[in-house]
Amino acid sequence: LDESLSSDQRLAFAGRTELQDPDEEFPPGTRETEKEYLRKSRVGQGEFRKKLLEKYDGTCPVTGIANPELLIASHIQPWRDCSSRERLDRENGILLSALVDRLFDRSLITFSEEGQVLVSSELSETDRQSCRIGDLSSIRLSDRNRIYMEYHREVFKQAQQ
């Protein structure tokens with residue numbers, strides 16, 4: 001193996017696991033102490049996922065996908081914009097399949113007050129068809145889900161401008 005690789009990189013390569021830069025998720029200029037705080041505060045995310053798996057019976061309410069390997073415990077109001085309580089509040093979450101999570105996280109889709117899928121004008125017709133946007137189900141939202149979703153719709157609107 002290439003000697004310029006760190007020991008972790010060599011182990012990961014030997015084990016055929018994918019490497020990810022641990023600092024990739026942080027904006028440039030984030031101080032090390034801030035990174036450490038954020039890493040520690042995310043410890044509760046395993047519990048957050050567990051709560052969402054229970055709430056949604058282990059199934060994406062949008063696609064019906066039930067394979068846990070393909071499901072993401074997605075925050076409605078982004079983690080970076082939440083208080084500590086909001087970060088772990090299951091009503092600030094929705095269990096989504098990986099593709100739907102990516103669309104949601106990038107504000108390419110959101111959900112109306114009634115839970116119907118709203119699609120960004122930034123998503124081409126070809127991509128809409130490839131992602132099977134027309135096949136996506138509407139979802140049921142609790143009153144607290146609606147509050148968080150209102151925030152997400154504001155982010156979605158800003159992304160459209």
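Just so you know, these numbers use all the heavy atoms, side chains as well, and skip hydrogens, waters and symmetry mates.
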By side chain to side chain donor-acceptor pair (under 3.5 Å), which residues pair with [X], not counting sequence neighbours?
X	answer
R90	none
D105	none
E114	S112
S74	D101

- prompt: Quick one: salt bridge (charged side-chain N to carboxylate O under 4.0 Å, His left out) partners of E125, sequence neighbours excluded?
  reply: none
query: With sequence neighbours left out, what residues match E150 under salt bridge (charged side-chain N to carboxylate O under 4.0 Å, His left out)?
result: none
Which value, rounded to the nearest 0.5 Å, describes the distance between [X] atom [atom1] and [Y] atom [atom2]?
X	Y	atom1	atom2	value
I94	H152	CD1	NE2	9.5 Å
I139	M149	CD1	CE	4.5 Å
L141	R146	CG	CZ	5.5 Å
K157	E154	NZ	CD	4.5 Å
L52	L96	CG	CG	9.0 Å
I76	I147	CD1	CD1	10.5 Å

Check whether any side-chain heavy atom of [X] sits under 4.5 Å from a side-chain heavy atom of [Y], and report yes or no.
X	Y	result
S97	T63	yes
F111	V117	yes
R153	L118	yes
I109	V100	yes
L108	V119	no

Would you name the heavy atoms of [X] and [Y] that are closest together and state the gap between them?
X	Y	result
A66	T59	CB-OG1, 3.8 Å
G93	Y56	O-OH, 3.5 Å
A159	S107	CB-CB, 4.0 Å
D81	Y151	OD2-OH, 2.7 Å
F48	N92	CZ-O, 4.0 Å

- request: Examine L123 and L136 and state if one hydrophobic cluster contains both, with Ile, Leu, Val, Met, Phe, Trp and Tyr joined whenever side-chain heavy atoms are less than 4.5 Å apart.
  value: yes
message: For Y148, give me all partners under ring-ring contact (aromatic ring centres under 6.0 Å, His included), at least two apart in sequence or on another chain.
response: none
task: For residues 84-103, pull every pair meeting ring-ring contact (aromatic ring centres under 6.0 Å, His included), keeping only residues two or more places apart or in separate chains.
output: none
query: Would D89 and R144 satisfy side chain to side chain contact (heavy atoms under 4.5 Å, CB included), going step by step from the backbone distance to the final call?
result: CA-CA 10 Å; D89 181 3; R144 286 197 7 242; 2.5 Å; yes
statement: Contacts of P68 meeting side-chain contact (heavy atoms from CB on, under 4.5 Å) (sequence neighbours excluded), chain-then-number -> R49
statement: side-chain contact (heavy atoms from CB on, under 4.5 Å) filter on C131, not counting sequence neighbours, yields L99, L103, I133
message: Per the salt bridge (charged side-chain N to carboxylate O under 4.0 Å, His left out) rule, what does the pair list look like for residues 126-141, sequence neighbours excluded?
response: R132-D135
field: Where at least one partner belongs to residues 51-71, residue pairs that pass salt bridge (charged side-chain N to carboxylate O under 4.0 Å, His left out), sequence neighbours excluded
entry: K55-E91
- request: Kindly say whether R87 contributes a backbone atom to a donor-acceptor pair with the side chain of H75 at under 3.5 angstrom?
  value: yes
query: Between the main-chain N or O of Q158 and the side-chain N or O of Q161, is there a donor-acceptor pair closer than 3.5 Å?
result: no
